[in-house]
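Data first, discussion second: the structure below is written as structure tokens.
Sequential numbering from 1 along the given sequence is applied to the chain's residues.
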Amino acid sequence: MFSRMRKAVMVSALVGAGLCTTAAAESPATLNFGIISTESSQNLKENWTPFLDDMSAKLGMEIKAFFAPDYAGIIQGMRFDKVDVAWYGNKSAMEAVDRAGGEVFAQTVANDGAPGYWSLLIAHKDSPINSVDDMLAKAGELTFGNGDPNSTSGYLVPGYYVFAKNNVQPANIFRRTLNASHEVNALSVANRQVDVATFNTEGMDRLKQTNPKKAAQLKIIWKSPLIPSDPIVWRKNLPEATKAKLGEFFANYGANEQEMKVLAGLQWGKFRASSDDQLLPIRQLALFKERSQVLTDSVLDENARQEQLAKIDAALETLSERMAAVEKNVASAH
């Protein structure tokens, strides 16, 4: 599923899209940049400040970092025009597009050129839990660290591949479940406060740099299929002149050694152009998970079950048609 994502991203030029429009309003003096809570605000601020400072200098605007204790805070901020641009994961971007007037316009790229990243389940290195089967067999004795409900790698992906496909729900099988950021989950496992938790390869790479002793206490017991790299989203009702400036900045950033060093601090290389079509496989995955839950819901009567399944299947068919069209367009462009 995720491998198809690389073909699905729209290749329209960021700069051209912006410059071909006429400004309906002047650009604001300040832009609020939302940053999802993958780790502590202090760590995020340290990594993001050089990039946001460069953006401020290039755009001629004040760029303010907008942090919230959870992903929903960034989504809500965009919904009420308190967040203008944001770095999201794919699932939180989907929520922002659907509920907060957001629009994907760029995509991050790993600094090693990888097309995405991977969700993980981790345990302490000395734990007897070495696989998903081990975890499920002993779930009633374990504390599980789940991710933010709007996290792609911390919640949606393991929610489908590990739990929905095994016809179980974390809240129903573990002795206790908690929701936290990637960093908190990893440290909780390293400190033996949680038995198993969700994490991802980007977080693991960062933890090896920032806290190698804690990283050495972790082992991976499951790795997901590839997840597409994270999107950058603006709110659609920004002035067109502002979108043009943002488009030009993201299209060109990383043009020199100093800018590449700043991106490396975020574990990224140069950005790619993107669009809401980047989210199609994530929408598909969310519907697959929902379908699995409907199939195993013991409360639904059969008529209600079949009605819900028919709606989900129709939505999946529409998504498949759209994905096929996007792939065809990308193929013809090459």
Side-chain angles (χ1 to χ4, degrees), residues 1-3 38-39 71 89-91 116-205 207-208 211 213-227 281-282 284-300 305 308-309 312:
M1 179 190 307
F2 289 117
S3 63
T38 55
E39 50 189 298
Y71 289 30
N90 286 282
K91 184 178 185 299
Y117 62 108
W118 292 264
S119 173
L120 305 173
L121 288 185
I122 55 172
H124 192 277
K125 69 179 181 64
D126 298 327
S127 169
I129 306 299
N130 293 302
S131 67
V132 168
D133 287 342
D134 289 348
M135 179 189 73
L136 295 177
K138 298 182 178 181
E141 307 168 16
L142 305 177
T143 298
F144 178 65
N146 212 345
D148 187 293
N150 284 307
S151 170
T152 308
S153 60
Y155 194 89
L156 177 63
V157 170
Y160 174 68
Y161 285 104
V162 175
F163 299 109
K165 293 192 79 170
N166 282 293
N167 298 317
V168 294
Q169 297 299 318
N172 298 334
I173 62 170
F174 289 106
R175 179 172 63 86
R176 186 181 181 205
T177 60
L178 306 166
N179 292 88
S181 70
H182 300 310
E183 181 186 44
V184 169
N185 275 344
L187 294 177
S188 296
V189 172
N191 294 330
R192 299 179 186 269
Q193 297 166 324
V194 167
D195 298 299
V196 181
T198 63
F199 200 30
N200 68 33
T201 51
E202 292 179 334
M204 183 69 85
D205 290 343
L207 191 65
K208 287 176 180 177
N211 202 332
K213 289 184 178 180
K214 295 300 183 183
Q217 299 301 306
L218 305 176
K219 67 179 176 183
I220 296 168
I221 66 167
W222 173 82
K223 184 176 179 179
S224 76
L226 181 72
I227 301 170
I282 306 303
Q284 189 179 54
L285 181 56
L287 284 170
F288 281 147
K289 181 182 176 184
E290 183 181 349
R291 195 180 196 284
S292 299
Q293 291 171 340
V294 170
L295 282 171
T296 58
D297 190 337
S298 59
V299 176
L300 285 176
R305 189 189 319 280
Q308 289 191 31
L309 288 174
I312 293 170

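Of all non-hydrogen atoms in K289 and A164, the two that sit nearest each other are CG-CB, 4.3 Å. The shortest non-hydrogen separation linking S224 to W118 is O-CD1, 2.9 Å. Taking every heavy atom of both residues into account, T198 and P158 meet most closely at CG2-CG, 3.8 Å. Residues R305 and V294 approach most closely at NH1-O, 2.7 Å, considering heavy atoms. Smallest separation of non-hydrogen atoms from A123 and V189: C-CG1, 3.3 Å. Heavy atoms only, all atoms of each residue included: A186 and L218 are closest at O-CD2, 3.6 Å.
Paired with N191 under the rule side chain to side chain donor-acceptor pair (under 3.5 Å), one option of H124, Q217, K214 passes, and it is K214.
Between E202 atom CD and L120 atom CG the span is 10.5 Å, to the nearest 0.5 Å. Going from atom CG of N166 over to atom OG1 of T296 covers 11.5 Å, rounded to the nearest 0.5 Å. Here CD1 of I220 is found 10.5 Å from OG of S119. Values are rounded to the nearest 0.5 Å. Between the CG atom of L187 and the CG atom of L207 there is a distance of 6.0 Å, given to the nearest 0.5 Å. Here the straight-line distance linking atom CD1 of I227 with atom CG of N90 works out to 8.0 Å at 0.5 Å rounding. Distance check: E290 CD to D297 CG gives 11.0 Å after rounding to the nearest 0.5 Å.
Side-chain contact between D195 and K138 is absent, with no heavy-atom pair separated by less than 4.5 Å. Residues N185 and V194 have side chains not in contact (no heavy-atom distance under 4.5 Å, counting atoms from C-beta outward). Counting heavy atoms from C-beta on, the side chains of N146 and T177 never come closer than 4.5 Å. Considering only heavy atoms from C-beta on, N130 comes within 4.5 Å of K219 through its side chain. Residues H182 and V184 have side chains not in contact (no heavy-atom distance under 4.5 Å, counting atoms from C-beta outward). Residues P149 and N179 have side chains in contact (heavy-atom distance under 4.5 Å, counting atoms from C-beta outward).
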Evaluation steps, side-chain contact (heavy atoms from CB on, under 4.5 Å), between L178 and T143:
CA-CA 8 Å; L178 306 166; T143 298; 4.2 Å; yes
Q: Under the side-chain contact (heavy atoms from CB on, under 4.5 Å) rule, what do Y161 and L285 come out as? Steps first, then yes or no, please.
A: CA-CA 9 Å; Y161 285 104; L285 181 56; 4.0 Å; yes
Report task. Decide side-chain contact (heavy atoms from CB on, under 4.5 Å) for L287 and Y160; before the verdict, give the C-alpha distance in whole Å, the side-chain angles of both, and the deciding distance to 0.1 Å. Result -> CA-CA 10 Å; L287 284 170; Y160 174 68; over 6 Å; no
For side-chain contact (heavy atoms from CB on, under 4.5 Å), just list the numbers for T38 and E183, CA-CA rounded to whole Å, side-chain angles, deciding distance to a tenth of an Å, and then say yes or no.
CA-CA 6 Å; T38 55; E183 181 186 44; over 6 Å; no
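Remark: the backbone N or O of L309 is not paired with any side-chain donor or acceptor of R291 at under 3.5 angstrom. In this structure a side-chain-to-backbone donor-acceptor pair under 3.5 Å is present from D148 to Y71.
In this structure, F163 has its ring center under 6.0 Å from that of F144.
No more than 12 heavy atoms of other residues, nucleotides or ligands shown are found within 6.0 angstrom of CZ on R176.
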